[in-house]
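Working notes, beginning with the structure itself.
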Amino acid sequence: MKESYFPQEIEKKWQAVWEETKAFKTLDNSDKPKYYALSMFPYPSGKLHMGHVRNYTITDVIARFKKANGFNVLHPIGWDSFGLPAENAAMKHNADPETWTDENIAYMTKQLKMLGLSYDWDREVTTCKPDYYKWTQWLFLQLYKKGLVYKKEAAVNWCNECGTVLANEQVIDGKCWRCDSVVEKKYLSQWFIKITEYADVLLEDLDKLPGWGDNVKTMQANWIGKSKGAIFNFPVIDAPSGEEMYVPVYTTRPDTVFGITYLVVAPEYKDIEKLTTAENEEAVEEYRANARKMTEIERLSTDRVKTGVPLGTHCRNPFNGEVFPLWTADYALVEYGTGAVMAVPTHDERDFDFAKKYNMPMKVVIENPENPSDCKDAAYTEPGVLVNSGEFNGMKNNEAKKAITKWAVDKGFGEFKTQYRLRDWLISRQRYWGAPIPVVYCEKCGIQAVPEDQLPVMLPKDVDFSVAGKSPITTSKTFKDTICPVCGGHAVRETDTMDTFVCSSWYYLRYADANNSEKCFDRDVVNHWLPVDQYVGGIEHAILHLLYSRFFTKALRDCGLLDFDEPFKNLLTQGMVLKDGAKMSKSKGNTVDPDEIFENYGADTARLFILSDSPPARDFDWSDAGVEGCYKFLNRVWRLISTNADNITLDYKLNFPLEKSNDDLVRTVHMAIKGITNDISNDFQFNTVISKYRELTNAIYDWQGGKASEYSEEDKQVLSFAIISLMKLMSPVAVHLTEEAWHELGGVGSIHEQPWCEWDENLAKSSSITLVVQVNGKVKDKIDVDADLSQDEMKQVALDSPKIKAQIEGKTIVKTIVVPGKLVNIVVK
RNA sequence: GCUCCAGUGGCGGAAUCGGUAGACGCGUUGGACUUAAAAUCCAAUUGGGCGUAUAACCCAGUGCCAGUUCAAGUCUGGCCUGGAGCACCA
């Protein structure tokens with residue numbers, strides 16, 4: 001065995017062997033229980049970054065650990081390869097997005113292999129390939145048939161920079177999630193998926209996910225934003241047309257209806273023109289035009305002074321007969337509730353601000369009996385008792401919510417209403433590099449789905465990327481014109497493509513049956529492998545991808561395609577990779593190229609280091625010194641093995657009782673096995689796993705230092721046990737080093753096929769313990785004693801200690817607490 | 001403003017149930033080996049009492065203030081700070 005560690009050499013060698021032998025291929029049929037370990041698949045942007053390295057290493061170690069523990073493990077990888085960067089690169093370099101994407105995939109595949117990841121490459125999926133997007137289109141059609149896809153004219157988020165619309169989830173602080181430019185509102189006819197139909201079950205089923213972090217679950221719950229309230233219809237008494245009109249209002253505060261002093265509709269409110277008098281028309285029109293021009297940021301800014309104009313018409317309050325004016329103001333949002341708000345300035349901060357500015361009347365209707373507020377300086381929004389509220393006076397406001405709504409229901413102008421903030425998912429994109437939406441427009445028959453046997457609707461090749469201001473796909477001469485599947489007449493293809501998040505909402509299902517050319521996936525196969533047992537990825541997908549995927553799973557279940565309702569049983573959201581305290585990014589120039597690490601230190605060092613310093617969920621600060629330290633450690637392990645190679649045998653036998661130093665080492669090994677196994681099993685605490693590798697290595701070195709130059713036969717057996725255990729324990733992390741050493745020591749097959757180490761509970765216990773003796777809860781002495789001392793004996797040892805004697809001298813012992821195997825606490829006065 | 005998460009040495013972090021605070025590593029300092037360096041090995045490393053060294057001892061200490069307990073990094077209440085998410089959602 002070579003004395004020095006040459007990672008580059010051995011890594012290349014074993015990667016080739018694994019690839020050739022398909023070492024990590026997963027068979028569907030196995031007697032073993034299944035385990036599905038999944039990393040969020042990458043966008044092929046060009047090169048791997050350290051975030052990828054961290055993500056894939058974590059999942060890889062989990063997959064290997066589970067495999068060694070007797071599971072049939074599915075550990076696949078693929079490419080989320082549709083999307084704008086490919087198209088932008090195409091425009092910039094005048095290449096085509098497919099070539100750009102393919103080249104990136106090829107390069108990144110090479111890097112993944114260099115990292116020594118145990119993927120089943122036969123299940124690789126690539127979302128931009130027709131054999132994948134055919135099924136994305138097919139699933140679109142299933143949802144369409146199910147009534148979960150529709151097209152409508154709507155105010156949508158438009159990013160000028162990207163030249164396309166965005167889903168609500170893709171607008172961050174009023175800016176585009178991708179390019180950070182300000183998002184505008186546009187009125188366009190667009191395709192939507194009815195995710196709102198699943199709002200309630202998406203919220204409720206979060207409780208079925210104990211394996212998800214609370215942070216992600218609360219983020220989703222907030223995003224879905226369920227609130228309970230009521231809708232009341234307010235009759236308009238002076239509509240200019242003279243017709244009978246009502247303005248429905250959604251409120252979560254039915255208890256405050258007696259305090260309404262005006263009503264606000266959003267500038268985009270559908271009936272606003274009919275509710276405006278001739279005298280006010282000009283001002284209202286101007287106000288609305290202004291609101292249209294405003295960006296989402298300006299409009300939604302909370303510190304902006306509220307503005308509005310009166311419509312000139314009035315409503316009657318059916319609860320008390322009072323008459324109040326109608327206004328339009330942009331603090332009312334057309335997309336939420338009914339687009340109209342009943343204003344109670346005394347008990348709502350926003351209404352209060354508005355009322356102050358425009359001198360609206362105010363009327364207190366909720367009061368804290370102990371500390372009544374006149375609401376002159378601020379709205380009172382705390383609980384209280386109803387006043388000035390007719391027959392409801394004296395009622396607690398929380399009870400009044402129900403009573404008042406019920407009253408309105410009985411009288412026929414109100415209903416109980418649950419409202420969600422979640423909006424339908426806008427999926428059409430005016431871009432080229434995505435899955436074409438499989439519908440056509442026929443002059444006679446209207447919108448028609450493309451028949452399933454005509455899928456995939458292929459992306460055209462004859463497109464011009466240099467035309468600004470419109471989707472490149474519309475420049476194709478061959479794509480648009482087609483035949484209507486119903487009447488056979490002329491039809492025009494939809495030129496919008498799907499949001500890439502549609503592609504990534506079901507890829508984890510395809511892995512289970514990746515090579516099925518007949519079906520999207522086989523129901524039984526998917527039912528077997530899913531749900532994913534462990535999903536690992538970045539927190540940035542907490543809402544977007546994870547919510548969409550949960551929706552897809554539920555919708556496909558309802559389409560009868562599968563039989564489970566949550567896709568990801570356990571979710572590990574890994575922290576970011578930082579350098580010098582800031583997220584690694586090209587713009588900050590603090591990135592570390594994985595290739596350089598592979599080249600200088602090898603993949604095993606990279607894997608070890610990325611797991612070593614922080615628990616997976618926390619942010620990880622990259623340090624060059626840390627990499628160096630891990631490299632030195634691997635050298636140290638290698639040296640330990642190589643210098644002892646002649647004394648190591650794979651079929652060692654331990655004949656108890658052992659000589660003391662040997663007994664101690666065997667005990668240390670058992671403790672390490674136990675500790676490492678538990679640390680991986682509980683929450684994947686890889687940082688402590690690695691510290692235990694180091695402890696065990698240190699212990700073997702210490703043991704060796706205490707030995708004479710010549711080992712006894714027993715020494716050799718014990719050393720073999722220790723070193724082979726260390727190698728097996730390290731095999732999920734240092735995948736190449738351990739494989740090489742395994743073979744150098746005469747191992748047959750792969751170390752990665754070996755079962756995990758087992759420990760003996762009795763041998764994992766120390767024969768002696770350090771007894772901690774406290775006086776009044778403060779540690780005063782530590783005494784080495786036999787582990788199996790009785791409680792009385794422990795107490796006696798404690799009282800016999802000279803240090804303790806000195807401490808308690810002249811005091812009375814009030815009581816003595818003995819914690820078996822740990823400590824004695826003497827309470828004195 | 002609301003929600004969630006976090007706060008422990010110079011740094012990353014460790015500490016099943018409340019039971020030795022600081023495992024393991026990085027860094028630093030000193031030493032061994034070497035002509036020298038690299039590599040390697042050994043030792044020290046929370047602060048203070050404590051500015052010769054050695055050995056020992058004592059006190060304080062896990063963001064802050066209270067509380068529960070024989071015993072609190074860990075539990076409870078109230079704050080402070082940082083991060084993340086949502087945010088005119090009626």
Side-chain angles (χ1 to χ4, degrees), chain A residues 4 172-173 213-223 225-227 229 249-253 256 264 266 299-304 306 329-333 335-344 347-351 353-354 419-423 539-540 542-543 575-576 578 581 609 612-615 617-630 632-633 635-636 639 675 678-679 682 685 687-698 701 705 769-782 803 814-819 821-828:
Chain A
S4 304
I172 292 147
D173 289 336
D214 283 340
N215 52 346
V216 178
K217 286 194 276 189
T218 3
M219 275 160 76
Q220 291 212 355
N222 289 344
W223 188 262
K226 183 176 182 169
S227 73
V249 156
Y250 173 73
T251 181
T252 54
R253 294 298 305 272
T256 63
V264 176
R299 170 102 187 247
L300 293 182
S301 160
T302 30
D303 29 78
R304 208 176 113 242
K306 291 178 178 50
D330 60 12
Y331 80 91
L333 307 172
E335 315 94 64
Y336 187 76
T338 62
V341 181
M342 60 176 229
V344 185
H347 305 299
D348 181 281
E349 282 166 25
R350 294 151 304 186
D351 298 342
D353 292 346
F354 192 81
Q419 187 71 38
Y420 299 92
R421 305 168 71 155
L422 182 70
R423 314 275 162 80
I539 187 79
E540 67 273 19
I543 295 171
M576 287 186 297
L578 313 176
F609 176 56
S612 67
D613 265 11
S614 300
R618 248 192 265 180
D619 286 350
F620 175 87
D621 212 334
W622 183 274
S623 82
D624 296 335
V627 183
E628 195 73 38
C630 285
K632 283 182 185 174
F633 172 64
N635 273 285
R636 194 167 142 82
R639 223 170 24 246
N678 287 342
D679 284 355
N682 311 330
Q685 295 277 335
N687 53 331
T688 56
V689 168
I690 286 159
S691 74
K692 283 168 182 133
Y693 292 163
R694 291 176 186 273
E695 282 176 16
L696 180 55
T697 307
N698 292 344
Y701 268 110
I769 55 155
T770 304
L771 176 67
V772 175
V773 187
Q774 298 177 331
V775 174
N776 289 343
K778 302 215 170 199
V779 179
K780 295 296 174 188
D781 200 6
K782 298 172 188 178
K803 284 185 193 168
V814 181
K815 66 172 162 179
T816 311
I817 286 124
V818 181
V819 182
K822 269 205 180 117
L823 94 165
V824 174
N825 186 12
I826 301 164
V827 187
V828 295

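Note on naming: letters A, B, ... go to the chains in the order of the sequence lines (proteins, then strands), and numbering restarts at 1 for each one.
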Considering only heavy atoms and no angle criterion, is a donor-acceptor pair shorter than 3.5 Å present between the side chain of A:Asn222 and the base of B:C86? no
What do you reckon, is CD of A:Glu540 surrounded by more than 12 foreign heavy atoms closer than 6.0 Å? yes
Contact nearer the 5' end of RNA chain B, comparing A:Glu695 with A:Asp619: A:Asp619
Which part of the nucleic acid, if any, lies within contact of A:Arg421, taking any heavy atom under 4.0 Å across all strands shown: a base, the sugar-phosphate backbone alone, or nothing? base
With rounding to whole Å, what would you report as the distance between B:C80 and B:G27 at their C1' atoms? 31 Å
May I ask you to say what A:Ser227 touches in the nucleic acid, namely base, sugar-phosphate or nothing, with a heavy-atom cut-off under 4.0 Å? sugar-phosphate
As its Watson-Crick or G-U partner within any shown strand, both distances under 3.5 Å, B:C50 has none
B:G10, syn or anti by chi within 90 degrees of zero: anti
Once the angle between the rings of A:Tyr250 and A:Tyr336 is folded into 0 to 90°, is it parallel (under 30°), tilted (30 to 60°) or perpendicular (over 60°)? perpendicular
Same-atom distance (P) from B:A21 to B:C59, integer angstrom: 13 Å
Would you measure the distance from the C1' atom in B:U8 across to the matching atom in B:A23 and give it in whole Å? 13 Å
Check the distance between B:A6's P and A:Phe620's CZ and give it to me in whole angstrom. 20 Å
Taking syn as a glycosidic torsion within 90° of 0 and anything else as anti, which one is B:C86? anti
Could you give the distance separating B:U34 and B:U40 at their C1' atoms, to the nearest angstrom? 11 Å
Once you apply a heavy-atom cut-off of 4.0 Å, does A:Val827 come out as touching a base, just sugar-phosphate, or nothing? sugar-phosphate
Across every strand shown, the nucleotide meeting Watson-Crick or G-U wobble geometry with B:C26 (both distances under 3.5 Å) is B:G10
Closest to the A:Pro615 side chain, choosing from B:C88, B:U20, B:A14: B:A14
Classify the side chain of A:Lys306 and the base of B:C88 as holding, or not holding, a donor-acceptor pair under 3.5 Å. yes
Given B:C24, B:G85, B:A90, identify the nucleotide with an atom nearest to the side chain of A:Arg694. B:C24
Nearest to side-chain heavy atoms of A:Lys782, which nucleotide of B:U20, B:C24, B:G13: B:U20
Considering only side-chain heavy atoms of A:Thr218, which listed nucleotide, B:A23, B:U3, B:A39, is closest? B:U3
Measure from the side chain of A:Val779, starting at C-beta and using heavy atoms only, and say which of B:C59, B:U20, B:C70 lies closest. B:U20
What's the gap between B:A60 and B:C50 when it is taken at their C1' atoms, as a whole Å value? 15 Å
Checking contacts here: which listed nucleotide (B:C26, B:A14, B:U20) is nearest the side-chain heavy atoms of A:Ala625? B:C26
When you measure from the side chain of A:Asp330, which nucleotide among B:G25, B:C88, B:A39 comes out closest? B:C88
Reading RNA chain B from 5' onward, which residue's closest nucleotide shows up sooner: A:Arg639 or A:Met576? A:Arg639
Counting the atoms with a prime plus P, OP1 and OP2 as sugar-phosphate, which does A:Ser623 contact under 4.0 Å by heavy atoms, base, sugar-phosphate, or nothing? nothing
Using purine N1 to pyrimidine N3 plus N6-O4 or O6-N4 for Watson-Crick, or N1-O2 and O6-N3 for G-U wobble, both under 3.5 Å, which nucleotide pairs with B:U35? none
Rounding to a whole Å, what distance do you find between A:Ile769:CD1 and B:G19:C1'? 12 Å
Euclidean distance for C1', B:C75 against B:U62 (whole angstrom): 16 Å
Return yes if the base of B:G19 and the side-chain atoms of A:Gln774 contain a donor-acceptor N/O pair under 3.5 Å, otherwise no. yes
Base partner of B:C64, which must satisfy Watson-Crick or wobble distances under 3.5 Å: B:G78
